[in-house]
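Input: a single structure, listed below in structure tokens.
Note that this is a predicted model, so its numbers are computed, not measured.
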Amino acid sequence: MCSDVDSRVEASTARAAEALFATQRPEGFWPNRRPTAVLGTAGAIVALHFADPEHSRDLVERGGAWLASVQNSDGGWGGVPGAASQLVPTVVTASALRTVAPGVSEEAVRRALELVESLGGVESLTDPGMVHMARTFLALAGLRDLRGSRRIPLELLLLPRRLWRRRLSFRAAPFVAMALIQAHHAPSRGLGRLLHRLARPAALRLLREVEQGENDRGGYGGDNWLTAVVCIGLCLGKAPRAMIADTVDYLRSNVQPDGSWHIMQGLDLIGGSYVARGLADAGYTEDPRLVRARQWLRGCRQDQAFPLYDAPPGGWGWEGPRGWPNFLDSANVLAALTPAGDTEPAEPLRRGLEWLTSRQDARGSWGTFVPDTTLANDGPCPYTTAQCVETLLDSGLPRTDARIVKALDWLLTCQRPDGTYEALWYRGLTAATALALVAFARGGVAGRPEARRARDALLDLQLADGSWGPGETGTRGDDPSRGTVEETAWALRGLLAAGLPAEDDRLRRAAEWLLSRQRDDGLWQPSPVCLHIRRLAYYVDGLIGNGLALKALGAYRTALTAGSPAQREAL
């Protein structure tokens, strides 16, 4: 039986590898062909409506028509077309249609607002920032009054950065934009008005600084949604026309032929890092095409500091050589480089690893952008921490290294009562629980009670057909979602690392499920498992999905031929 499965896995990984190499660009990267997004499109048409109503009227109309065409039958919208309706995309999109085409969109907006009320309304959101964002878009559409909302203290930016960096983190740009919009719709009086006026020049300087650190002029985070929010703030805040024009040009340059926009423009790097590591684990480490991919990834390492985050040179971000350096993307790129061993140039790898270790916070964990932040969406993340542990061990750090020990201690203590872990940037509980198992095994603590609870919890989340979904509740049978390639791949690899033999029926069924889902073109269908706004908006990334599938099947094939549990644990 094993030889048959082994041959099928071999054939599957070979087909996937050739399909991926066929789309690789000569420079070494893979173009990330993701479906366009609801939030990106909704934000863009509102921004262009305010900032460039005459010149961009056709884009606004086409974007509105696209949004209307992908409205779900229940009246709402998800992060991408066809995704289940969620509150934030529904509020923002209904507001956008009401803003740019109030008469034409009346029925669509009515249905959407009825759904919003049935979901508990804007006040049911647990993230205060998202509550304010939703209220702001409703106010832009004339559906809500911002007066009485909690005032955004723009004067915070008059203080030294060390006093607000950890509080604002990656939300610094939308913080400024929301404050400018609020001041337009609900201006403060007295001291608040004076403080806002005094802080406004510092806020505009901050936005200029962020924009000047981007790959493309006028963009913010390579994100059409964020750029649109900033554009609206600049427009209503009567910012210099040149700043507004740059954001307009950025949005206009990124519109797709069907009138829609992506959320994040440049995810070639993060998706490519998953593919490169998956190909390495599938046996292609020395393939010249993969060598070229590693060279491209290496060349995207940032050689400039990013003062907003107090980040030194040496990390990676999703956009490329410039942009927002972050811990998870840096760990993923380094994970793609380390399998090459001594053939990988030592200096760039050393500097990248030094950058990653310098970003570990006082707890021993890693978040995303700023160490020791108080912002929940950038706080310590089990998934990122586990990935950093695996990457650092791959690079040659011993298990006894103080940084490894501290990170594992943190992981062991932050487990949920049901044995699972939650990620910041991937939905549900499957991804982080699976990656924590890899870190525990690699770090030599797989025998700890916490590690065994995580393994048992992950096994309990397996669906009847052998796959895994997000495991949102942590309780078998409570998750109505179907299995996905990404989550099944995470779980399969995590359980192999935890010491389960490849012959275990539960793992065999998982591998069989992955094999059965491979398309005729050799690749796998991605699912909306990546978070753009935590718990509130998902997107799809095909490169990540295919990279994870290759990594899992490569680990499974190795486990089939490995003779001992110790060898399997080393995966």
Side-chain angles (χ1 to χ4, degrees), residues 161-172 210 213 221-222 269-270 273-274 277 297-298 300-338 347-398 401-411 413-414 421 423-426 432 435-436 438-439 442-443 534:
R161 288 192 178 186
R162 68 179 185 277
L163 299 179
W164 55 259
R165 178 183 288 117
R166 294 176 182 174
R167 179 178 176 182
L168 294 185
S169 181
F170 71 98
R171 284 190 174 177
V210 174
L269 186 139
I270 183 172
S273 68
Y274 275 90
R277 180 55 192 255
L297 289 169
R298 197 166 59 242
C300 289
R301 187 174 58 85
Q302 298 183 0
D303 59 5
Q304 297 182 22
F306 199 77
L308 179 61
Y309 298 158
D310 194 28
W316 282 264
W318 60 83
E319 292 185 79
R322 293 168 67 83
W324 301 5
N326 73 86
F327 315 154
L328 182 55
D329 291 351
S330 298
N332 279 321
V333 171
L334 289 165
L337 299 179
T338 51
E347 183 61 15
L349 190 59
R350 181 187 65 80
R351 293 188 62 189
L353 291 165
E354 287 177 352
W355 187 92
L356 188 64
T357 55
S358 76
R359 303 289 85 193
Q360 189 176 23
D361 65 25
R363 308 172 184 88
S365 63
W366 280 266
T368 308
F369 297 103
V370 177
D372 298 303
T373 182
T374 61
L375 182 66
N377 281 4
D378 187 24
C381 173
Y383 183 97
T384 303
T385 301
Q387 180 61 72
C388 289
V389 166
E390 183 184 10
T391 296
L392 293 173
L393 289 171
D394 279 350
S395 74
L397 259 65
D401 186 280
R403 293 160 293 191
I404 298 294
V405 172
K406 194 172 185 180
L408 289 172
D409 285 345
W410 179 80
L411 272 175
T413 59
C414 73
Y421 290 89
L424 283 179
W425 300 108
Y426 298 106
L435 204 56
V438 177
R442 293 293 310 279
R534 193 179 184 196

Next item on the list: Using a 4.5 Å cut-off on heavy atoms from C-beta on, say whether the side chain of Trp318 contacts that of Leu269.
Entry: no
Checklist line | Gap between atom CZ of Arg363 and atom SG of Cys414 - 0.5 Å precision | finding: 10.5 Å
Next item on the list: Give a yes or no answer on whether the side chain of Ser169 reaches the backbone of Arg166 with a donor-acceptor pair at less than 3.5 Å.
Entry: no
Item checked: Set of side chain to side chain donor-acceptor pair (under 3.5 Å) partners for Arg171, sequence neighbours left out -> Asp127
Checklist line | Residue pair Tyr383 / Ala423: nearest heavy atoms and the distance that separates them | finding: CB-CB, 3.5 Å
Next item on the list: Find out whether Val389 and Leu408 are in side-chain contact, i.e. whether some heavy atom of one side chain is under 4.5 Å from a heavy atom of the other.
Entry: yes
Checklist line | Any donor-acceptor pair under 3.5 Å from Ser395 side chain to Leu392 backbone | finding: yes
Check: With sequence neighbours left out, which residue pairs that include part of residues 367-383 fulfil the salt bridge (Lys or Arg N to Asp or Glu O under 4.0 Å) condition?
Finding: none
Notebook entry, point to check: Any salt bridge between Glu347 and Arg350, counting N to O under 4.0 Å?
Noted result: yes
Next item on the list: Calculate, to the nearest 0.5 Å, the distance between atoms OG1 and CD1 belonging to Thr357 and Ile404 respectively.
Entry: 9.5 Å
Check: Below 4.5 Å, heavy atoms only, C-beta onward: do Phe327 and Trp355 meet side chain to side chain?
Finding: yes
Next item on the list: Determine the minimum heavy-atom distance between Thr384 and Gly367, stating which atoms define it.
Entry: CG2-O, 3.2 Å
Notebook entry, point to check: Under the side-chain contact (heavy atoms from CB on, under 4.5 Å) criterion, do Leu349 and Leu334 qualify, and how do the steps go?
Noted result: CA-CA 7 Å; Leu349 190 59; Leu334 289 165; 3.6 Å; yes
Notebook entry, point to check: Who pairs with Thr373 by side chain to side chain donor-acceptor pair (under 3.5 Å), at least two apart in sequence or on another chain?
Noted result: none
Notebook entry, point to check: Any side-chain heavy-atom pair from Thr368 and Phe170 closer than 4.5 angstrom?
Noted result: no
Next item on the list: Decide yes or no for Ser273 and Asp329: does some side-chain heavy atom of the first lie under 4.5 Å from some side-chain heavy atom of the second?
Entry: no
Margin query: Can you confirm whether Arg301 sits close enough to Leu337 that some side-chain heavy atom of one is under 4.5 Å from a side-chain heavy atom of the other?
Written below: no
Next item on the list: Please name all residues satisfying side chain to side chain donor-acceptor pair (under 3.5 Å) with Trp324, sequence neighbours left out, ordered by chain then number.
Entry: Glu214
Note to self: Is any side-chain heavy atom of Cys300 closer than 4.5 Å to one of Val333?
What the structure shows: no
Using a 3.5 Å cut-off and no angle test, enumerate the donor-acceptor pairs between side-chain atoms of residues 304-317 and protein atoms at least two apart in sequence or in another chain.
{"from": "Gln304", "atom 1": "OE1", "to": "Arg322", "atom 2": "NH1", "distance (Å)": "3.3"}
{"from": "Trp316", "atom 1": "NE1", "to": "Leu297", "atom 2": "O", "distance (Å)": "2.8"}

Checklist line | Close side-chain approach of Ser330 to Pro325, heavy-atom, < 4.5 Å | finding: no
Notebook entry, point to check: CG/Asp361 to CH2/Trp410 distance, rounded to the nearest 0.5 angstrom?
Noted result: 8.0 Å
Checklist line | Non-neighbouring partners of Gln387 that pass side chain to side chain contact (heavy atoms under 4.5 Å, CB included), sequence neighbours left out | finding: Leu328, Ala331, Asn332, Ala335, Glu390, Thr391, Leu435
Margin query: Using modelled atom types and a 3.5 Å cut-off, is there a donor and acceptor pairing between side-chain atoms of Lys406 and backbone atoms of Asp401?
Written below: no
Checklist line | Donor-acceptor under 3.5 Å (Ser365 side chain, Cys381 main chain) | finding: no
Note to self: Would you say that more than 12 heavy atoms from the other residues, nucleotides or ligands in this model lie under 6.0 Å from the CZ of Arg167, or not?
What the structure shows: no
Next item on the list: Identify the heavy atoms of Leu393 and Gly443 that sit nearest to each other, and give their distance.
Entry: CD1-N, 3.9 Å
